[in-house]
S.K.: 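I have a structure here, written as structure tokens, and I will follow up with some questions on it.
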Amino acid sequence: MKIGFIGAGSMGSLLVGAFVRSGAMRPDDIVVSSRTPSKLSALAEQYPGLHIAASNREAAIGADYLFLCVKPLDFRRVLEEIAPVLTARQIVVSITSPVKVASLEELTPSKVAKIIPSVVNAVGSGASLVMWGTRLTEDDKQELWQLFSSISRPICVPEDEVRVASDLSSCGPAFMACLLEQFIDAAVLSAGMERETATALACEMMLGTARLMLELPCTPAELQARVSVPGGITAVALESLRKSTRGAFLQVLYTTHEKFAEDLDRVDSSLFPRERT
């Protein structure tokens with residue numbers, strides 16, 4: 001089997017590492033290309049046996065799976081280079097939200113899926129957002145599902161919901177880390193706690209909270225009710241927190257959706273440029 005990766009940036013490298021550590025891929029099956037030689041060298045050193053391609057075209061030729069891990073506005077350049085060597089039997093997987101499945105199917109002869117990972121997939125946790133192309137067989141879908149199950153919980157989402165799904169799954173770790181950082185800062189500033197201790201407590205709390213809601217299971221509202229009692233410390237503090245953050249995440253989502261709409265227009269224009277008159 002040959003598994004190609006085009007792009008060795010943060011997410012491309014994360015996926016290579018996650019799949020290898022999970023045992024889902026062997027380094028000697030993987031071929032990676034990138035415009036940055038230092039990133040390729042780092043991957044090859046970290047995962048002995050991994051192959052470095054001299055070009056994107058070389059990574060694409062004969063690949064059973066080809067992962068496109070490049071920036072949205074780089075897709076046209078990459079597709080122009082690799083489309084002539086792609087075949088109908090190959091499966092191309094894009095991890096880039098603004099590039100539509102239909103656009104990839106129009107520009108390549110291959111089977112296509114869009115699967116959006118999360119940074120927490122690096123530790124075999126979190127979700128991956130799955131959108132199927134029209135050419136995939138049921139066997140293709142099952143194999144991709146099994147592959148991503150080795151590093152995540154795959155969840156199918158409609159493509160028109162990919163932005164809000166990505167806010168929760170892919171951007172969410174950064175949003176939660178931002179809130180956690182403020183929580184830790186408050187503990188250090190208000191009580192003089194050692195930052196290392198506060199960080200350890202906060203991280204264990206976040207891990208346990210997620211596990212409790214998933215494994216018990218219980219909803220966020222039910223968990224709040226279990227921890228707090230009317231008039232108690234947690235209940236009073238929750239009311240303060242709700243007042244301070246009311247509407248904050250709506251504003252976050254408005255911001256991400258506005259930026260995503262801009263990205264969609266720019267990507268569509270780059271992939272299908274209008275002829276100048």
S.K.: May I have all residue pairs that pass side chain to side chain donor-acceptor pair (under 3.5 Å) and include part of residues 55-65, sequence neighbours excluded?
M.R.: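 Qualifying pairs, neighbours excluded: S33-N56, N56-E81, D64-R89, Y65-E143.
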S.K.: Which residues satisfy the salt bridge (charged side-chain N to carboxylate O under 4.0 Å, His left out) test with R77, sequence neighbours excluded?
M.R.: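 Partners of R77 by the salt bridge (charged side-chain N to carboxylate O under 4.0 Å, His left out) criterion come out as none, since no residue qualifies.
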S.K.: Would you call K141 and E138 a salt bridge, taking side-chain N to carboxylate O under 4.0 Å as the test?
M.R.: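 Yes, this pair counts.
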S.K.: Report yes or no: does Q224 contribute a side-chain atom to a donor-acceptor pair with the main-chain N or O of P220 at less than 3.5 Å?
M.R.: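 Yes, Q224 side chain to P220 backbone: donor-acceptor pair under 3.5 Å.
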S.K.: V227 vs L238, test: side-chain contact (heavy atoms from CB on, under 4.5 Å). Steps then yes/no.
M.R.: CA-CA 10 Å; V227 176; L238 274 174; over 6 Å; no
S.K.: Determine whether more than 12 heavy atoms belonging to other residues, nucleotides or ligands lie under 6.0 Å from atom CZ of F183.
M.R.: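 Count not over threshold, so no.
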S.K.: Can you name the salt bridge (charged side-chain N to carboxylate O under 4.0 Å, His left out) partners of R76, sequence neighbours left out?
M.R.: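 Partners of R76 by the salt bridge (charged side-chain N to carboxylate O under 4.0 Å, His left out) criterion, ordered by chain and then number, come out as E80.
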S.K.: Please report the interatomic distance CD1(I6) to CZ(R35), rounded to the nearest 0.5 Å.
M.R.: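 Spacing of CD1 (I6) from CZ (R35) equals 12.0 Å.
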S.K.: Is there a path of hydrophobic side-chain contacts, each under 4.5 Å between heavy atoms, that joins I61 and F67?
M.R.: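 No.
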S.K.: Do any N or O atoms from the side chain of R135 and from the backbone of S110 form a donor-acceptor pair under 3.5 angstrom?
M.R.: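 Yes; judged by distance alone, with no hydrogens or angles, the pair exists.
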S.K.: Can you give each donor-acceptor pair under 3.5 Å made by side-chain atoms of residues 187-196, sequence neighbours left out, with the distance rounded to 0.1 Å?
M.R.:
from: S190; atom 1: OG; to: A186; atom 2: O; distance (Å): 2.7
from: R195; atom 1: NH1; to: D185; atom 2: OD1; distance (Å): 2.7
from: R195; atom 1: NH2; to: D185; atom 2: OD1; distance (Å): 3.1

S.K.: Of the non-hydrogen atoms in W132 and A113, which two are nearest, and what is the gap between them?
M.R.: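 Closest heavy-atom pair between W132 and A113: CE3-CB, 4.2 Å.
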S.K.: With the threshold set at 4.0 Å, does a side-chain nitrogen-carboxylate oxygen contact exist between D74 and K71?
M.R.: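 Looking at D74 and K71, the cut-off is not met.
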S.K.: Does the S34 side chain pair with the main chain of T36, one donor and one acceptor, at a distance under 3.5 Å?
M.R.: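 Looks like yes, one N/O pair under 3.5 Å.
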S.K.: For a side-chain contact (heavy atoms from CB on, under 4.5 Å) check, start with the C-alpha distance between I52 and V31, then their side-chain angles and the critical distance, and finish with the verdict.
M.R.: CA-CA 6 Å; I52 294 176; V31 181; over 6 Å; no
S.K.: Are the side chain of N121 and the backbone N or O of S118 linked by a donor-acceptor pair below 3.5 Å?
M.R.: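 Checked: pair present.
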S.K.: Measure from the side-chain N and O atoms of S150 to the backbone N and O of L147, and report whether any donor-acceptor pair falls under 3.5 Å.
M.R.: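 Flag set: sc S150 to bb L147 pair under 3.5 Å.
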S.K.: Between L223 and L212, is there a side-chain heavy-atom distance shorter than 4.5 Å?
M.R.: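 Result yes, sub-4.5 Å side-chain heavy-atom pair found.
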S.K.: Knowing that exactly one of D140, T134, T137 qualifies, which makes a side-chain hydrogen bond (donor to acceptor under 3.5 Å, both in side chains) with K111?
M.R.: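 The option that passes is D140.
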S.K.: Are the side chains of F272 and E106 in contact, using a 4.5 Å heavy-atom criterion?
M.R.: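 Heavy-atom side-chain distance check passes, below 4.5 Å.
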S.K.: Check residues 92-102 and write down every donor-acceptor pair under 3.5 Å in which the side-chain atom is one partner and the other belongs to a residue at least two apart or another chain.
M.R.:
from: S94; atom 1: OG; to: T96; atom 2: N; distance (Å): 3.2
from: T96; atom 1: OG1; to: V70; atom 2: O; distance (Å): 3.1
from: K100; atom 1: NZ; to: D268; atom 2: OD2; distance (Å): 3.3

S.K.: From L40 CG over to S13 OG, what is the distance, rounded to the nearest 0.5 angstrom?
M.R.: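 The distance works out to 8.5 Å.
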S.K.: So, the side chain of S128 versus the backbone of I116: is there a donor-acceptor pair under 3.5 Å, distance only?
M.R.: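 A pair under 3.5 Å: no.
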S.K.: Between CG of L271 and CZ of R266, what distance do you get to the nearest 0.5 Å?
M.R.: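 Going from the CG atom of L271 to the CZ atom of R266 covers 12.5 Å.
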S.K.: Where do V119 and M11 come nearest, in terms of heavy atoms and distance?
M.R.: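 Smallest heavy-atom distance, with atoms named: N-CE, 4.4 Å.
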S.K.: Compare all side-chain heavy atoms of L253 with those of V164 and state whether any distance is below 4.5 angstrom.
M.R.: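 Yes, at least one pair of side-chain atoms sits under 4.5 Å.
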S.K.: Check whether any side-chain heavy atom of L68 sits under 4.5 Å from a side-chain heavy atom of L79, and report yes or no.
M.R.: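 Side chain of L68 against side chain of L79, heavy atoms only: contact under 4.5 Å found.
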S.K.: Measure the shortest side-chain to side-chain distance between F75 and L104 over non-hydrogen atoms and say whether it is less than 4.5 angstrom.
M.R.: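 Yes; the side chains approach each other to less than 4.5 Å.
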S.K.: Can you confirm if the aromatic rings of Y254 and F249 lie within a centre distance of less than 6.0 Å?
M.R.: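 No, the ring of F249 stays outside the 6.0 Å limit from the ring of Y254, centre to centre.
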S.K.: Same cluster or not: are I233 and L201 linked, directly or through other Ile, Leu, Val, Met, Phe, Trp or Tyr residues, by side-chain heavy atoms under 4.5 angstrom apart?
M.R.: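 Different clusters: I233 never reaches L201 through Ile, Leu, Val, Met, Phe, Trp or Tyr contacts under 4.5 Å.
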S.K.: After noting the C-alpha distance and the side-chain angles of L66 and I91, does the key distance pass the side-chain contact (heavy atoms from CB on, under 4.5 Å) rule?
M.R.: CA-CA 6 Å; L66 181 64; I91 297 177; over 6 Å; no
S.K.: Contact between P117 and S152 at the side-chain level, heavy atoms closer than 4.5 Å - yes or no?
M.R.: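 Result no, sub-4.5 Å side-chain heavy-atom pair not found.
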S.K.: Checking side chain to side chain contact (heavy atoms under 4.5 Å, CB included) between L216 and each of R226, R211, E222, which is the one that passes?
M.R.: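 Considering R226, R211, E222, a side chain to side chain contact (heavy atoms under 4.5 Å, CB included) with L216 is found only for R226.
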S.K.: Do other residues, nucleotides or ligands put more than 12 heavy atoms under 6.0 Å from E215 CD?
M.R.: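 It does: E215 CD has more than 12 such atoms within range.
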S.K.: Determine, using the 4.5 Å side-chain heavy-atom cutoff (strictly less than), whether M1 and V16 are members of one ILVMFWY cluster.
M.R.: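 In one cluster with M1: V16, yes.
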S.K.: Please check if the side chain of Q90 supplies one atom and the backbone of T87 the other of a donor-acceptor pair under 3.5 Å.
M.R.: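 Such a contact is found between Q90 side chain and T87 backbone.
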S.K.: Measuring from atom CG of L129 to atom SG of C156, what distance do you get when rounded to the nearest 0.5 angstrom?
M.R.: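 Reported to 0.5 Å precision, the distance equals 10.0 Å.
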S.K.: From L241 CG over to T234 OG1, what is the distance, rounded to the nearest 0.5 angstrom?
M.R.: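 The CG atom of L241 sits 11.5 Å away from the OG1 atom of T234.
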S.K.: Going by the rule salt bridge (charged side-chain N to carboxylate O under 4.0 Å, His left out), which residues pair with R21 if we only count those two or more places apart in sequence or in a different chain?
M.R.: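 Testing R21 for salt bridge (charged side-chain N to carboxylate O under 4.0 Å, His left out), a comparison that skips the adjacent residues, returns none.
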S.K.: Is the number of heavy atoms from other residues, nucleotides or ligands within 6.0 Å of CD (E239) greater than 12?
M.R.: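 More than 12 within 6.0 Å, yes.
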S.K.: Is it the case that atom CD in Q146 sees more than 12 heavy atoms from other parts of the structure closer than 6.0 Å?
M.R.: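 Atom CD in Q146 is not packed in, count stays at 12 or less.
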S.K.: Within the distance-only criterion (no hydrogens, no angle test), does the side chain of K39 pair as donor or acceptor with the backbone N or O of G7 below 3.5 angstrom?
M.R.: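 Such a contact is absent between K39 side chain and G7 backbone.
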S.K.: Indicate the ring-plane relationship of F19 and F148, choosing parallel, tilted or perpendicular according to the 30° and 60° boundaries.
M.R.: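 Geometry flag for F148 against F19: perpendicular rings.
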S.K.: Would a 4.5 Å heavy-atom cut-off, applied to side chains only, mark I151 and L15 as touching?
M.R.: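 Yes - at least one pair of side-chain heavy atoms lies under 4.5 Å apart.
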S.K.: Looking at every non-hydrogen atom in both residues, tell me the closest pair between S169 and A127 and how far apart they are.
M.R.: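 Where S169 meets A127 most closely, the heavy atoms are OG-O, 3.6 Å.
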S.K.: The test is side-chain contact (heavy atoms from CB on, under 4.5 Å); show your working for V130 and L144 and say whether it passes.
M.R.: CA-CA 9 Å; V130 178; L144 278 170; over 6 Å; no
S.K.: So Y47 and I30, do their side chains get closer than 4.5 Å, heavy atoms only?
M.R.: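 Not in contact.
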S.K.: Identify the heavy atoms of V120 and G126 that sit nearest to each other, and give their distance.
M.R.: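 Residues V120 and G126, closest heavy atoms: CG2-CA, 3.6 Å.
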S.K.: Verify, without hydrogens or angle tests, whether R163 (side chain) and F260 (backbone) share a donor-acceptor contact under 3.5 angstrom.
M.R.: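 Side chain of R163 to backbone of F260, a donor-acceptor pair under 3.5 Å: no, none is there.
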